[in-house]
*Asks:* 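Sharing a structure, written as structure tokens. Questions coming.
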Number of protein chains: 2
Amino acid sequence: MGHATGDAAYEDLTARARIRDAAIRLFAERGNDATTVRDIAQAAGVSPGLLRHHFGSKEALREACDHYVLDRIVKIKEELYVENKMASPSFLPSVHPTILLSYKYVTRALLDGSPRAAAMFDDMVALTEQWLGKNAPGVTDDYRAYAAVLVGMQSGMLAMHDHVSRALGADIFTTEGHLRMAGALTDFYSHPLLDPDYVAKAREAITQLRAAAEGA
Amino acid sequence: MGHATGDAAYEDLTARARIRDAAIRLFAERGNDATTVRDIAQAAGVSPGLLRHHFGSKEALREACDHYVLDRIVKIKEELYVENKMASPSFLPSVHPTILLSYKYVTRALLDGSPRAAAMFDDMVALTEQWLGKNAPGVTDDYRAYAAVLVGMQSGMLAMHDHVSRALGADIFTTEGHLRMAGALTDFYSHPLLDPDYVAKAREAITQLRAAAEGA
DNA sequence: GGCGGTGCTATACCGGCGTATAGTCGGCCA
DNA sequence: TGGCCGACTATACGCCGGTATAGCACCGCC
């Protein structure tokens with residue numbers, strides 16, 4: 001990570017690639033607004049002017065990063081998909097540092113309002129909706145909402161990585177923390193959390209509130 | 001004076017209260033960094049200098065807002081708790097606009113790194129952990145991770161409200177959208193999503209990856 | 001009636017941001 | 001060898017952020 005200077009492979013990259021990589025790292029870490037072009041330039045070991053020379057503007061650089069990372073992710077997903085038919089869109093055992101960084105980046109991009117990331121979110125919702133119809137038909141009668149909530153929770157938890165990691169005592173964007181999180185997630189998806197009594201009461205409360213809202 | 005809205009009750013508030021309310025609204029909507037003291041002043045119908053006069057600095061204003069909103073939330077929770085013993089920390093049928101705004105605010109505060117919000121997150125994790133031990137002892141053998149994931153997903157979904165709302169076709173911070181979301185959430189908590197075969201394979205994959213990571 | 005303090009405004013200041021521009025270095029081709 | 005072109009730097013510009021300061025209007029108190 002902290003290729004200050006001296007890492008041979010890192011030094012061998014073209015300046016353009018170094019800028020892109022540094023930008024991805026910093027955007028993923030701090031978000032778009034909190035990252036300055038001067039920060040990126042320093043991290044890449046170049047002058048700030050070079051960013052403009054190669055990418056035109058900060059916004060264009062961000063789009064290039066979006067494109068790069070999102071492409072990498074769909075490629076990874078395709079590989080995973082053919083490799084073992086894990087068709088579930090829920091979670092993948094993504095433990096390689098690069099993959100983790102990519103997820104971190106996309107999560108931030110979602111919060112930063114990146115159109116590309118938003119499109120990916122929509123795709124995932126659509127995919128999940130289909131998957132539900134095929135593989136888990138009984139769980140709900142509002143597939144759309146269920147899929148939206150599922151994808152939102154999954155990506156949202158990554159957005160809360162600081163807090164989840166703190167509670168866990170391990171960074172969920174490292175292999176160790178990610179696996180512990182994945183374990184809990186598996187528990188979560190395999191057992192119902194609420195007992196039927198409680199669920200019935202909750203449903204009743206919801207329908208009452210809905211009726212009250214419509215009546216008003 | 002007499003700025004955005006001619007609402008009488010609004011006009012009757014002291015300038016200090018108007019500033020606080022405007023700040024809460026804007027912080028909740030755009031986050032801390034993206035809202036300027038000039039924005040807040042304009043929304044409150046006062047001059048920018050007055051913010052400094054009453055609160056000292058932007059950061060101090062934010063802390064005052066944190067304090068105010070968080071207090072409001074714990075008060076609401078206490079009321080809910082005594083009213084009907086809904087001891088579950090999972091979700092509350094919070095449909096009042098003020099409550100929804102409060103939740104939106106805290107969610108953003110979590111992303112913005114507010115210490116108070118983070119403390120509340122930790123409290124919720126601890127509470128959830130206890131609750132799990134009492135009310136759902138069988139679901140996992142890593143209570144801590146389970147609770148962290150649960151709270152992270154729940155709050156994270158709110159952080160993704162833009163995208164979830166877009167997928168849903170309804171803003172989840174309005175009563176209508178929130179109830180639809182709550183319905184899906186109830187489905188989610190009451191039925192296992194993954195079938196045992198799939199779960200077994202997932203667990204196996206996780207343990208393999210863990211072993212590989214430790215071996216390395 | 002004068003008078004001090006408080007709520008409030010107007011304006012100025014400084015730093016950091018993204019961006020623009022002029023200029024330097026070095027390799028490649030005629 | 002001369003010249004050109006792309007990679008790259010140094011420096012400056014305009015803008016806008018939070019903040020500081022000076023001054024004004026009002027109101028209770030002696």
Side-chain angles (χ1 to χ4, degrees), chain A residues 3-7 10-66 68 108-109 111-115, chain B residues 1-5 10-66 68 108-109 111-115:
Chain A
H3 351 108
T5 36
D7 186 341
Y10 171 73
E11 292 287 346
D12 281 352
L13 290 173
T14 66
R16 194 173 196 281
R18 285 211 312 272
I19 291 169
R20 185 199 353 95
D21 289 355
I24 289 172
R25 219 180 67 236
L26 289 175
F27 284 152
E29 204 66 46
R30 314 178 189 169
N32 186 30
D33 292 355
T35 307
T36 72
V37 299
R38 287 168 175 84
D39 287 342
I40 299 170
Q42 190 178 5
V46 300
S47 82
L50 197 59
L51 303 219
R52 174 159 213 285
H53 179 69
H54 279 305
F55 294 94
S57 73
K58 186 190 179 187
E59 179 57 24
L61 170 59
R62 201 189 71 145
E63 277 168 26
C65 292
D66 282 8
Y68 185 83
R108 275 234 86 115
L111 297 175
D112 286 344
S114 149
Chain B
M1 291 272 270
H3 233 289
T5 59
Y10 171 74
E11 294 286 346
D12 281 352
L13 289 173
T14 67
R16 195 173 194 282
R18 286 211 313 272
I19 291 170
R20 188 206 340 99
D21 289 356
I24 289 172
R25 221 181 63 237
L26 289 175
F27 284 153
E29 204 66 46
R30 314 178 190 170
N32 186 30
D33 292 354
T35 81
T36 72
V37 300
R38 289 168 174 85
D39 287 342
I40 298 169
Q42 190 178 3
V46 300
S47 81
L50 197 59
L51 302 219
R52 174 161 213 283
H53 179 70
H54 278 305
F55 294 94
S57 73
K58 187 192 180 186
E59 180 57 23
L61 170 58
R62 201 190 70 146
E63 275 168 27
C65 292
D66 282 7
Y68 184 83
R108 276 233 84 117
L111 296 175
D112 287 344
S114 148

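Just the heavy atoms: all of them, side chains too, but no hydrogens, waters or symmetry mates, feed the values below. Throughout, a chain's letter reflects where its sequence line sits, starting with A, and its residues are numbered from 1.
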*Asks:* State which residues pass side chain to side chain donor-acceptor pair (under 3.5 Å) with A:D112; sequence neighbours excluded, sorted by chain then number.
*Replies:*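 In terms of side chain to side chain donor-acceptor pair (under 3.5 Å), with neighbours along the sequence ignored, A:D112 is linked to no residue.
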*Asks:* Is there a donor-acceptor pair under 3.5 Å between the side chain of A:K58 and the backbone N or O of A:L51?
*Replies:*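 No, A:K58 side chain to A:L51 backbone: no donor-acceptor pair under 3.5 Å.
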*Asks:* Rounding to a whole Å, what distance do you find between A:R62:CZ and C:dG18:P?
*Replies:*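 These atoms are roughly 13 Å apart.
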*Asks:* Taking atom CG of A:D39 and atom CZ of A:R25, what is their separation to the nearest 0.5 Å?
*Replies:*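 Answer for the CG-CZ pair, A:D39 versus A:R25, is 10.5 Å.
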*Asks:* Examine distances only and state if a side-chain atom of A:R18 and a backbone atom of A:A44 form a donor-acceptor pair shorter than 3.5 Å.
*Replies:*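 Such a contact is found between A:R18 side chain and A:A44 backbone.
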*Asks:* Rounded to whole Å, please give me the gap between CD in B:Q42 and P in C:dA10.
*Replies:*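 So the CD-P distance, B:Q42 to C:dA10, works out to 13 Å.
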*Asks:* When you measure from the centre of the six-membered ring of B:F27, is the NZ or CZ of B:R108 under 6.0 Å away and within 45° of the axis?
*Replies:*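 B:R108 over B:F27 ring: no.
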*Asks:* Nucleotide by nucleotide, 5' to 3', does protein get under 4.0 Å of the base (B), only the sugar-phosphate (S), or neither (-) in nucleotides 4-19 of chain D, counting heavy atoms?
*Replies:* ---BBB--B----BBB
